[in-house]
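The chains referred to below are lettered A, B, ... by the order of the sequence lines, with proteins before strands, and numbering in each begins at 1.
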Amino acid sequence: MSAAELRARAAGWIDDRLGFGAVRELMSHKVVPVHAATPWYYFGGITLFLFAIQIITGILLMLYYRPTVAEAFDSVQFIMTRVEFGWLIRSIHSWSANLMIFVAFVHMFSVVFTHAYRAPRELTWLSGIALLGVMLAFGFSGYLLPWNQISYFATKVGTDVAATTPAIGEALARFLRGGEDVGGATLTRFFAFHVIVLPLAAMLLVGLHLLLIQKTGMSTPPWMDRSRVRTMKFFPNFFLRELMVWYGALAVLGALAAIFPWELGEKADPFTSAPAGIRPEWYFLAQFYTLKLIPSHVWFLEGEMVGLLFFGIAAVVWVALPFWASNPDGSLRSRLVTGLGIFLAAYLAVFTVLGYVK
Amino acid sequence: MSAAELRARAAGWIDDRLGFGAVRELMSHKVVPVHAATPWYYFGGITLFLFAIQIITGILLMLYYRPTVAEAFDSVQFIMTRVEFGWLIRSIHSWSANLMIFVAFVHMFSVVFTHAYRAPRELTWLSGIALLGVMLAFGFSGYLLPWNQISYFATKVGTDVAATTPAIGEALARFLRGGEDVGGATLTRFFAFHVIVLPLAAMLLVGLHLLLIQKTGMSTPPWMDRSRVRTMKFFPNFFLRELMVWYGALAVLGALAAIFPWELGEKADPFTSAPAGIRPEWYFLAQFYTLKLIPSHVWFLEGEMVGLLFFGIAAVVWVALPFWASNPDGSLRSRLVTGLGIFLAAYLAVFTVLGYVK
Amino acid sequence: MRLRVMILLALSCALAGAAKDSCAECHAALDGPLGRPATLIKHDIHAAQGFSCANCHGGDPTADDPGEAMSRAKGFLGKVPRRLIPKMCAGCHSNPNVMRKYGPQQRVDQYELYLTSIHGQRLAAGDEKVATCIDCHSVHDIRKVKDGLAPVHPLRLPDTCGRCHADRQRMAKYGIPTNQLQDYHKSVHWAALTRRGDLSAPTCASCHGNHGAKPPQVASVAAVCGTCHVMHLEQYAKSPHQAVFADTATGGCTLCHSNHAIQHPTLAMLIGRNSVCAPCHESGSEGAKTAVQMAEWLNGLDAALQRSESVLNRAEYYGMEVSEPQVRLHDGRENLVKARLALHSFRPAEMHKPVNAGFAIARETLAAGEAALREKDIRRLGLAVSVVFILVTMVAIWALIRRLERNGRVPDTGAARG
Amino acid sequence: MRLRVMILLALSCALAGAAKDSCAECHAALDGPLGRPATLIKHDIHAAQGFSCANCHGGDPTADDPGEAMSRAKGFLGKVPRRLIPKMCAGCHSNPNVMRKYGPQQRVDQYELYLTSIHGQRLAAGDEKVATCIDCHSVHDIRKVKDGLAPVHPLRLPDTCGRCHADRQRMAKYGIPTNQLQDYHKSVHWAALTRRGDLSAPTCASCHGNHGAKPPQVASVAAVCGTCHVMHLEQYAKSPHQAVFADTATGGCTLCHSNHAIQHPTLAMLIGRNSVCAPCHESGSEGAKTAVQMAEWLNGLDAALQRSESVLNRAEYYGMEVSEPQVRLHDGRENLVKARLALHSFRPAEMHKPVNAGFAIARETLAAGEAALREKDIRRLGLAVSVVFILVTMVAIWALIRRLERNGRVPDTGAARG
C-alpha cells in the first residue's frame, strides 16, 4: 500500500465516522456575490479572526493574571517584564480588543448601508447587535483588570453613570460592583464576567450568527438585480481572499504591539483623588461626552437620567431596525435608514473626537 | 387572529429562519434499543447533567472566588458564610464533581461490558476516554483552589509524583507548578486550567462525543440479535425517562450538600509540616496506594518511575481497546475484554478501599 | 589662620604618636593571670573610648622600664583594693562634667545609689565579700548593658546575681535564702524573657534596683509591681486589703502571688485547700464566701463563653454565617479579662459590671449560635420540601410516559442499528 | 491571726477617713491666684501618688482653722523661696530610699546634675533669675515627661527652653545669643520631630543635658552628635580634622554643620563660594583640591546613577525585563550613601571604595539598560521580519487565487440569493 493510498484509506475511515463529506458538500455550494460592495463582506471575518486572537491571548494571560486588588497590577507587570513574550501577548490582547470593536462597528454600518439587515435576516442583525454589546462589555470589564489608576477611576465613573439609570440604576451598579463601591469584589466579578460569562455568551452568539448566515447566504444590496450579480465560490476563492486580509490584520497587530506597547500606568490607589482627565475607553467616549453636555437638570429630571433615557430609546429604535425599515407595502425605506446611519456614524465620530480633545 | 394562531405564526416565522423543523425531523428518527442493558444508557446522560451543574455552579462561584494565596481560602470562606446560598452552591459543586467522576467511570465500564466501543465507535470511545482525562484534570486542579491544608499538601504530593515521570517529569512538574514548588503561581495556573482551558476542552469533546453518538446511534450488545431488539423513540420516550433520572440525581445532590456540607478545613500553611494521612482525592487513591506499595528501588530503576511506566503502558493498552479487541477475522475477543474489565474494576475498587483504610 | 592649622596638625600628630601604652605592650607578652587583662581589655567599652590601664591602675604607661612604669612614685596602685573599687569608678561615673562628654544625659547616681544598697552598706562596714562594681559588670572587659555578652544584659543578669545569691555557702553567714534564682526560673517573668523574647520582662534589677539593690520595702511592693501592672495596681488601691497588707511583714502583691516564683494565676488561688485566701479568711466566713463567689463568677463566665464558642463553631461547621457573634465573643472574653482584673479590688461590686456584661454577651452569642443551628435545620427542611417536589415531578413524568405509551405510541419495534 | 486582720482593717479605715486636707478644701473655695493651685493639683503626678500640699509647703492640713493650719510653728513655709526650690525637690528626688518606693530604678541624680549646670551654678551664686525645677516642670501641675501636656515633653521642650533663652531682654545681662530656638526650628532635627513624628529626634536636652544643662564642651561635641550619628563619628575619628578641630573654639561637627540650625547637607558645603572648607583651605591648596575632588565624586556618582535609572526606566517602558538591574541600582545608591559617610574621614582613600563600587554599579546597570534597549530594537527587527514573511504569504495566496481563477475555475455567475 503506497503512502498516498494509506492516506486515502485513513481519510476514508475518518470520513465514515465523522461525515466530513457532508460539510465539503455544503461548502462547495456556498457562494459569495461579487460586486462593488464585496469588500465589506470581509469585515465580519476580520472581527471573527480578532475574536479568535482574543481567546488565545486571553487564555495565555490567565496563566499568570491574578484578580485581586493586592496582586492584579503586579501580576500584569510580571507578565510584561518576566514572562517570555508576555509583553507581546498583553499588547496584542489590548490592541486586538480595540481593533475588534472598531471593525465590528465598521461591519455594522456596512450592513446598514447595504441594507443587509432586511428580512429574512432580522435574527442575524439581532444576534450581531447582541455580539456588539457583548464586545463592549468585554471592553468595559477588561479595562479594569490591570487595576491601574486610570482604569480604576474610569470604572468608578462608568458604574456611577450606570447608577443613574432610572429605576434599576442603583441595583445595577451594586450588581456590577459587588458592593457599594469599586473594590476587590468588583475586580473579582469583572474578571468572572470577562473570562467565563461573556466568552460563553460570545461563543453561543457567534455560533448562532454564523449558522444564520450559513442558512440565509450573503445578502446582495437591494439596488442590484440579484439575478445578474456574479458570484464566486466561498471555498476556495472567497476564503483565500479572507485569509489574505487576516494575514494583513495580523501584521498590523504585531506592528502596533511592538511599536506602541500597551502602557500599564500606575497602580490604582483608591485613596488619592481621581487623576485629571479621567475618561472611558474611546468606544464609550461619544456617550460620555454627550452626558457631560447635558445640563445637570432638565425640567424636573436629572440631566444624566434624561441622557440615559434618550440613549435607551435610541438603542431600542436601532435594535428594532429590521422591523420598521420596511413600508407597510413591503418596500424598503432605504433613504430613511441610510440617512439615519450617516447621522449616527457622524455623531459617533464627531463626539468621540470632541470627547477626546476636550 | 386568535392567540393560538398568533403563536403558530410566530413559530412559523422563527422556523423559517432557524430551521428547527430539520432538528425535529432528526429527533423523531432517533431511537433507543430496549433490552436488559438499557438502564446503562442513562449513565452518559447523568454525566452530562452533572457537567451542566458544574458549569452553572462554577460560574456562580467565580463571581466571588479569588485565586491568590492571600485570598483564596478567605474568599471560599466568604462564599460559604456570607454569600446568599453560597454554602449550597459550593457544596453542590464539590459533591457534583465527585459524583460526576464516579458516574463517568460507571459509564466507561458499562461501555466495556456491553462492548459498545467496537467499530464504528472507536472515535466515540477515544473522545470518551479523553473526557474522563479532562474530568480527572478538573478534579486535580479544582482540589487545590480552596487553598486549605489538605489540598495544598495533596497537590505537593501529586506534583511530586508527576515529577518522577521518566524524561519529561521535571519539566511537567515545573509546568504544573509554574515554578519550583507549589505556591501562588501554581494556584493561578490551576485556576486558569480549571476555569478556561479545561472547560473549552470539555465543551469541544462533549460536542464531538454527542455528534458521534448521534451519527452512529446507540449500540446494542453483540450477543443480541439486532433485528429482533425492540426500540423506543428517543423523544419523548427515552428523554422523559432520562429526565426522571436527572431529577433523581438532583435530589441526591441536594441531600448530600445539605446534610454533608463540603468541609473547608484549615487555611494552608506552607511552613508547617504536612499533616498526617495526606492522600489525594479518592479517584487517584488506587494509583497512589499502588505507588506506595512498590519498593523504592526495582532493579536499577526508581520504584515510582517503574510504577508510572507500568501505569503508562496500561493506559495505552486501555485507550487502544477498540483496536485490539477484534480478532484478525473481525470477530470480537469479548471474553478477553470482559475479563480485563472485571480485573480493572476489581483492582480500582480494592486498591481505592485499601488506600483509604491504610 | 591657615598657619595655625598647619601647626596644630603637626602637633596633634606628634601627640598621637606619643600615646604609647607600655602596660598593654608588656602584659600582652605575659602568660596566665598577668596576661589576661591585656586580652580582655580589647572588648572593654572604656578602652574603646580611649582609656588606658593607667587611668584606673595609675603609673606611667610612657615609661618602658617596668620599675619606672609601675613605681608608686608615679601613682601606681597595682591591684585596686576591693573596698576602694566603687569609689574609684565613681571618680568618673559620679562626675557630671566627665560623664557629659560621653552622652549629655548619662546617669551619675550609681555610686550614690550603691552607698544606700545593702552591698554598699556592708562594704562600708568592712565586709569585702559583697558585690562591688566589677562583680556584676566584670573587670577589664566591661561591656555596654545592651551587649548580649555583658553579664548585666537582661538575659544574663539573673545568673550574674545568682552567682552569689544562689550560692548556699556564700550566703550562709548572712542568713538569707538562696532559692531566689531557682524560683525565678519557674516564674512567668523568666518565661516572658526567654520564651517570648521580651527583653523588657522583669529581671532581678527591675524590682530590686540595680546599683541601689535592696529588698523592696513592704509599702512599696505594690508600687514596684504596679510599674508594669498599672491597672492591677489601680484596682488594688481600692481594695480593703491594701491598708491591711501594707503593715504585714511581706506586704502587697507578693502575699498571694509570692515573690520570685510568680505563676500564672488560676482559680485554685481562690478556692480549695491551697487557696491563698484560706490563711486569713476562715472557711465559712464572709471573706471566704466572697472568694468562692468570685471564683464561681470567673469559672461560670469562662464556661459560658466556651459553650457559646462551641455552639458557634458547630454552626460555622454547617456553613452558617456566624462571624458577627464570633467577633462579639471577643468582647465577652475581654470582659472576662476585665473581671479578673477587677478581682484585685476584692470588692464584689467592682466585679459585677464586667461579669454581668460578659454573661450577657455569652447569652447573646449562644442565642445567635442556636438560631444559626435552627436555620441549619430549616435548610434541611427546605431540602426535604424540594425532594418532595422533585419526587412529585418524577411521578408526574412517569405518569406522562405511561399515558404516552398506553395511547398506542408504544416504542417502535424497528431494528436497532449497530 | 484572723483577729489581728480584723483589727488592722478597722484601724486602716479609720486612718483613711482621717486623711483630711484642709489646704485643698479652703483654697478650692478661693478665687484668683490663691485658688489656682487647688485646680492645677488635680493633674499633678505627686497628688496622684498621695502627696498633699503640706508635703512641700509644710503646715498642718488636719487643722480646720487657717491660722493653725498655716502656722510657722507647724512648719508652714508659705511660698517656697526660689533659691530653696531645687533643694526642696531634692529632699525626695535625691533620696534613693524614698524614690525606690516609686520605681526600683528611678534616677536620683537630678539635683547633683543641676548643681553642675550653669543654672545651678548661677543660683548658688545668688542669681534667682535662672531656671529652677518648677520653671521647666511647671508647678502644682507637674506631669510625667511622657505626658503630651508636660512642658518637658519632647514636642514642647524647645518652647519651654525658649521661653527664657529666646527672650532677648531676659538674656541681655548674660550676653548670650537668643537665636537658638529660631535656628532649631529650621533644623532637620525639628523637622524629624514634628514632620516625621520621630519623638527620639534630638531636642535641647538631648545635646545639652536636661538637669545638668550646659553647652557641650569642645572635645565632646563629636561624642554628643555621635550618640545618634554613630557611623559618622567612626569616620570622623579617623579624620585629620579630628585632632585639629578638637582644639578650636567651636570644635567638631558644628564647625561645618553649625549647631542649632543644622540643615540637610549639600555639595555646596564642599565647593563654591559658601564652601565650609574655604575658611581654612585656600583656593588652590591641596585641601581645597581634595574638597573639589570629593564633590566631583559624589556629584558624578549621583549623575551616573540617575542616568542608569533613566535608561532602565526607558527600557522598562518598552516592556523590557530590567527588574534585576533596577534592584542592583539600589546597591549603587547605597554606595553613594556610604561615600557621603566616608567623606567624614576627609581621606580620599576612604572614599575610594564606595565611590568606585558605585561607579561600577552605575556602569553595569547602564550597560544592562542599553542591552535591554537593543533587545527592544531586536524585537522590532523580529517584527519587521515577520511582516516580511506575512507579506510573502499574502503574495503567495494572491498568486494561488490568480492561478485558480485563471484555470477556468472563475467565479460562478449564478444568481446570488437574498
Side-chain angles (χ1 to χ4, degrees), chain A residues 13-19 22 55-56 58-72 74-75 78-79 82-83 119-127 175 178-179 184-201 203-204 207-208 211-212 214-216, chain B residues 13-19 22 55-56 58-72 74-75 78-79 82-83 119-127 175 178-179 184-201 203-204 207-208 211-212 214-216:
Chain A
W13 186 88
I14 290 173
D15 216 37
D16 284 350
R17 282 153 179 85
L18 286 177
I55 291 177
I56 295 163
I59 289 175
L60 291 175
L61 289 175
M62 255 193 91
L63 291 177
Y64 293 95
Y65 175 74
R66 300 178 176 179
T68 66
V69 169
E71 302 188 32
D74 295 335
S75 69
F78 183 86
I79 289 169
R82 288 285 181 131
V83 177
R121 296 191 179 78
E122 299 96 332
L123 290 178
T124 320
W125 168 262
L126 290 179
S127 62
F175 171 72
T186 321
L187 187 57
T188 310
R189 191 154 285 209
F190 273 36
F191 179 68
F193 291 148
H194 194 83
V195 305
I196 194 80
V197 178
L198 294 173
L200 279 181
M203 282 191 294
L204 287 176
L208 178 66
L211 189 77
L212 289 167
Q214 172 59 30
K215 262 201 79 72
T216 55
Chain B
W13 187 88
I14 290 172
D15 216 37
D16 284 348
R17 283 154 181 83
L18 286 177
I55 292 177
I56 294 163
I59 289 176
L60 291 175
L61 289 175
M62 254 192 91
L63 290 178
Y64 292 94
Y65 176 74
R66 300 177 178 181
T68 66
V69 169
E71 303 187 32
D74 295 336
S75 69
F78 183 86
I79 288 169
R82 288 286 180 132
V83 178
R121 295 191 180 78
E122 299 97 333
L123 290 179
T124 320
W125 167 262
L126 290 179
S127 62
F175 170 72
T186 322
L187 187 57
T188 309
R189 191 154 285 208
F190 273 35
F191 178 67
F193 291 148
H194 194 83
V195 305
I196 194 80
V197 178
L198 294 172
L200 279 181
M203 281 193 292
L204 286 176
L208 179 66
L211 190 77
L212 288 166
Q214 171 59 28
K215 262 198 80 72
T216 56

**Q** If we only count heavy atoms from C-beta on, is the Met62(B) to Phe191(B) side-chain gap below 4.5 Å?
**A** yes
**Q** Shorter than 4.5 Å, heavy atoms on both sides: which option in Ile59(A), Ile196(A), Thr68(A) has the most such pairs with chain B?
**A** Thr68(A)
**Q** Using heavy-atom distances under 4.5 Å, tell me whether Leu61(A) contacts chain B through its side chain, its backbone, both, or neither.
**A** neither
**Q** Please classify the contact of Leu187(A) with chain B as side chain, backbone, both or neither, using a heavy-atom distance under 4.5 Å.
**A** neither
**Q** Can you sort out the partners of Tyr64(A) under ring-ring contact (aromatic ring centres under 6.0 Å, His included), two or more places apart, ordered by chain and number?
**A** none
**Q** Under the salt bridge (Lys or Arg N to Asp or Glu O under 4.0 Å) rule, what pairs show up with a residue in residues 184-196 of chain B, not counting sequence neighbours?
**A** none
**Q** Would you say the side chain of Asp74(A) lies within less than 4.5 Å of the side chain of Arg66(A), judging by non-hydrogen atoms?
**A** no
**Q** Could you look at Val197(B) and say if it's the side chain, the backbone, both or neither that has a heavy atom under 4.5 Å from chain A?
**A** side chain
**Q** For the interface with chain B, which of Gly58(A), Ala119(A), Gly184(A), Gly178(A) has the highest count of heavy-atom pairs at distances below 4.5 Å?
**A** Gly184(A)
**Q** Give the minimum heavy-atom separation between Thr188(A) and Tyr65(B), together with the two atoms involved.
**A** CG2-O, 3.1 Å
**Q** Quick check on Leu212(A) against chain B: is it the side chain, the backbone, both or neither that has a heavy atom closer than 4.5 Å?
**A** side chain
